[in-house]
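Please read the structure below before turning to the comments.
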Amino acid sequence: MEGREPSTRPSRTTPASPRVTPALVKRPRFQTLARFWEGQDVLARWTDGLLYLGIIKKVDSAQETCLVRFEDNSQFSVLWKDIFPPAVPGKEQLCCVCNSQACTPDNKLVHCGKCKHAYHQECHVPSVPCDTDSSGSSWMCRQCVFAVATKRGGALKKGPFARSMLQMKLSLPYQLKSLEWDPLHLTNKQQCYCYCGGPGEWNMKMLQCCRCLQWFHEACTQCLSKPLLYGDRFYVFECSVCTRGPENAWRLPLGWVDVSHLVLYHLSICCKKKYFDFEREILSFVNENWESLLLGELTDTPRTDRYSHLLHALTAEKDR
């Protein structure tokens, strides 16, 4: 969304263009027909699940990617499936998924009240209820609901947008079984994750569902009481698709070695360096974020005792 800064996106201007297999996602057909152009203003979904404003600098039809320059002047290669242009004038009567205007009494065209894109009721995921006003004055499409409801630290939990998002999350806009995973089930070739179908990195604030094993962005989840740390896998999580309702998340117990390891990893990602001063950086971070760490039985540890516990963990577990 406008005004958000991609905090985890490195400041570099040379695009990375790994060859990936496009996911089987229900996406506008005009994207698959490469109807992007240089200089076009778009929203692009990043690996954190959020949308950012950008301008297309180059279109690569062979790779199905666009080189997008973001507001911080960084440039990255983004898959077509993760790029969302505004409604094209003159195309308001064409479904943006199937590119057809043919309708039936049970499958009418409905317009999103926010982005003005048109969808057949059956082309949208989930399908649009039959009693929805075709003008779309009060109906919002999946992309717009996610654009409004997703936030750093976790999506909205209360209000009409939160309720709409939960309904959208009961189904995925892609075929989960079609994704091709690595042996550890950390990444897939299609770069398709979460409820939003966007890109992701498992160690960059994502939760893995213990039932379907898919990864979900922190920004798209509605069950977290505190923001995630980078690399934090100390959760048992169930997604809305598997529960057929609200998500579930349970914090696993942590020992001092786990806390030390997690904090070091988080700091290394945030600060982009390898070594840290124990008192000035590591201990300071732990004390300042004590409540957010959700440490269970360790929560009652007096501030004066944390120094010795952390220092012992760091010196006694050098292999880890």
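Heavy atoms only: backbone and side chains are in, while hydrogens, waters and symmetry mates are out. Every value quoted in this text rests on a predicted model; they were computed, and no experiment measured them.
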Would a single hydrophobic cluster contain both [Y] and [X], if residues Ile, Leu, Val, Met, Phe, Trp and Tyr are joined by side-chain heavy-atom contacts under 4.5 Å?
X    : Y    : answer
Y230 : L295 : no
L229 : M204 : no
F161 : M165 : yes

Item to check | Set of residues satisfying side chain to side chain donor-acceptor pair (under 3.5 Å) with respect to K158, sequence neighbours excluded | outcome: none
Checklist entry - Sequence neighbours excluded, which residues qualify as side chain to side chain donor-acceptor pair (under 3.5 Å) partners of E247? => result K169, Y195
Side chains of [X] and [Y]: closer than 4.5 Å at any heavy-atom pair?
X    : Y    : result
I83  : F36  : yes
S77  : Q63  : no
C115 : Q143 : no

Next on the checklist: Centre-to-centre under 6.0 Å for F237 and F216, is that the case here?
Outcome noted: yes
Taking the inter-plane angle between the rings of [X] and [Y] on a 0 to 90° scale, is it parallel (under 30°), tilted (30 to 60°) or perpendicular (over 60°)?
X    : Y    : value
W181 : H185 : parallel
H266 : F285 : tilted
F76  : F70  : tilted
Y307 : F278 : perpendicular

[X] side chain to [Y] backbone, donor-acceptor under 3.5 Å:
X    : Y    : value
K157 : L224 : yes
H120 : L94  : no
W215 : L207 : no
N188 : Q191 : yes
D182 : L186 : yes
Q214 : C209 : no
K116 : G113 : yes
N107 : E122 : yes
E238 : N248 : no
R69  : S74  : no

Checklist outcome for this item: All heavy atoms of Y119 vs all of C95, minimum pair found to be CA-SG, 3.9 Å
Next on the checklist: If I compare all heavy atoms of T150 with all of A155, which pair ends up nearest, and what's the gap?
Outcome noted: CA-CB, 4.2 Å
Checklist outcome for this item: Here the gap from L314 atom CG to L311 atom CG, rounded to the nearest 0.5 Å, amounts to 6.5 Å
Checklist entry - Does CZ belonging to F276 count more than 12 external heavy atoms closer than 6.0 Å? => result yes
Item to check | Salt bridge present between E218 and K226 (N-O < 4.0 angstrom) | outcome: no
Next on the checklist: Any donor-acceptor pair under 3.5 Å linking the side-chain atoms of D72 with those of Y52?
Outcome noted: no
Report, one line per pair, each donor and acceptor closer than 3.5 Å where one atom sits in a side chain of residues 257-264; sequence neighbours left out.
from, atom 1, to, atom 2, distance (Å)
D258, OD1, R320, NH1, 3.1
D258, OD1, R320, NH2, 3.0
D258, OD2, G255, N, 2.9
S260, OG, W256, O, 2.9
H261, ND1, R320, NE, 2.7
H261, ND1, R320, NH2, 3.4

